[in-house]
Protein chains: 2
Amino acid sequence: MSDIKERPYHHGDLRRALIETALAMLATDQNWAFTLREVARRTGVSHAAPYKHFRDKEVLLRELARIGFERLGQAMAEATASARGAMRGKFVAGAQACIEFALHNRGLYRLMFSSDADKAADPNLHDAAMNTFGILLCLLEEGQRSGSFRPVAINALAAASWAQVHGLAMLVINGQLLEEKVGPEPIRAALDVLLDGVCCGD
Amino acid sequence: MSDIKERPYHHGDLRRALIETALAMLATDQNWAFTLREVARRTGVSHAAPYKHFRDKEVLLRELARIGFERLGQAMAEATASARGAMRGKFVAGAQACIEFALHNRGLYRLMFSSDADKAADPNLHDAAMNTFGILLCLLEEGQRSGSFRPVAINALAAASWAQVHGLAMLVINGQLLEEKVGPEPIRAALDVLLDGVCCGD
DNA sequence: CAAGATAAGTTTCTCCTGTAAACATGGAGG
DNA sequence: CCTCCATGTTTACAGGAGAAACTTATCTTG
């Protein structure tokens, strides 16, 4: 009663609150191995309450992954947009934005690419992932149009770039890209190797 | 000697048997979300028996991952060794061997690169992973010595290659590299893009 | 060879999770 | 005002991880 917020029976926006709690836990624990009950607990509701908003745990996980792709896409879009100058620089900016995102959101990033975030099971998630992928595609198209990137099949460039960026991100957040193994600035160096294959001339 | 056993109290080689069962389950289920109890059940022992051989579930997971890296390394070594001709071809052979391995051992591959197979927690696992990585390094060194690969920092090449191959493998086993998205033969095409950046001249 | 000691199984137990079902509550519409 | 219904809560249950205590076969050693 003396409580500032005497939580009413009906939370008001529990769905949102649960998502926020889960995202916060992902940010902390970095291995996304959270339990639904813990999310409920930290949100201050009973352990069954979440089921009124998410049919099961995987639905929540997929929603989190979807949000992750949205944010990643936004980060990459901003990075490439604000990077002025050569296409090569834009590409690097986008790639680094992705890797930085992965580093600062390890748990979420891992979830996004884990088999638990099954794209086939949720059209919205699938679309979100595709949109993010689309940013890369646009960038590559732009680079080809401007004559900066080689005029090979766009899909080859896309597959190579996506794999490279995602691969780097995974290696980074797994701590498998340490100085002792691949030297300082491994990300930039690796991207340069790829870009030598992507860009025209040398 | 004879395989038809009356299930003696002492299994004889339960440790090995458990590993084999687990590997078989990984091969089937492809998402390595198996339970220790199920492994015990299928091996025909009580659910507590495994704890006599593995302190906890993660120890078993790490052992499986270690075996996975051993096999992957072997596959890649064989592929690169038996590929005769230009370095570029050797590289492609090794990369394809890795991706093929991932495809045919989805669960195991995912486990190998998941956070549950914590390299820092098991020196043997760490070494196995390093050895596999070493195959790639050797290949790159050989390519540089023979003048086929660009004389940039070996670590840049290594990071780029490792990320590329691993990234492709992850995308492939996640079904995110389908024809509709990246065209036919995406793997070969993507590798060619990278190799244009790795190899000398064009 | 008798007799522990010990390694390797088994049973039993506790705590936790995901999820279903039944019950409670409070705000919206007749 | 009363009743419906979305959104909570409590209770219940199947299953998993792992600890502890018990059992049995094998190994060691006097």
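Here is the naming used below: chain letters follow the sequence lines, and residue numbers restart at 1 for every chain.
- Distance B:E58 CD to D:dG16 P: 18 Å, rounded to the nearest Å.
- For the pair A:R37 CZ and D:dA12 P, the computed distance is 14 Å after rounding to whole Å.
- The base of C:dG9 lies close enough to the side chain of B:K52 for a donor and an acceptor atom to sit less than 3.5 Å apart.
- Under the 4.5 Å side-chain criterion, counting only non-hydrogen atoms from C-beta, B:D118 is not in contact with B:D122.
- Looking at the side chain of A:K57, the nearest of the listed nucleotides D:dT10, C:dT19, C:dT10 is C:dT19.
- Put simply, NE2 on A:H47 is 10 Å from P on C:dT17, counting in whole angstrom units.
- In this structure, CG of B:D116 is placed 14 Å from C1' of D:dA17, rounded to the nearest angstrom.
- What separates OH of B:Y51 from P of D:dA21 is a distance of 17 Å, to the nearest Å.
- Separating the CZ atom in A:F133 from the CG atom in A:D127 is a distance of 14.5 Å, to the nearest 0.5 Å.
- Distance CG (B:L61) to C1' (D:dG18): 15 Å, rounded to an integer number of Å.
- Between B:D196 and B:R150, no side-chain nitrogen of the basic residue sits less than 4.0 Å from a carboxylate oxygen of the acidic one, so the salt-bridge criterion is not met.
- Phosphate contact (OP1/OP2 of C:dT11, side-chain N/O of B:S46, threshold under 4.0 Å): absent.
- Remark on DNA chain D: of its neighbouring residues B:L36 and A:P50, the 5'-side contact belongs to A:P50, judged by nearest-heavy-atom nucleotide.
- B:L60 has its CG atom 15 Å from the P atom of D:dG16, to the nearest Å.
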Stepwise salt bridge (Lys or Arg N to Asp or Glu O under 4.0 Å) check, B:R16 with B:E20:
CA-CA 6 Å; B:R16 191 77 61 189; B:E20 268 164 30; 5.6 Å; no

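- The distance from atom CG of A:D56 to atom P of C:dT17 is 17 Å, rounded to the nearest whole Å.
- The side chain of A:R41 contributes an N or O atom lying less than 4.0 Å from OP1 or OP2 of C:dT17.
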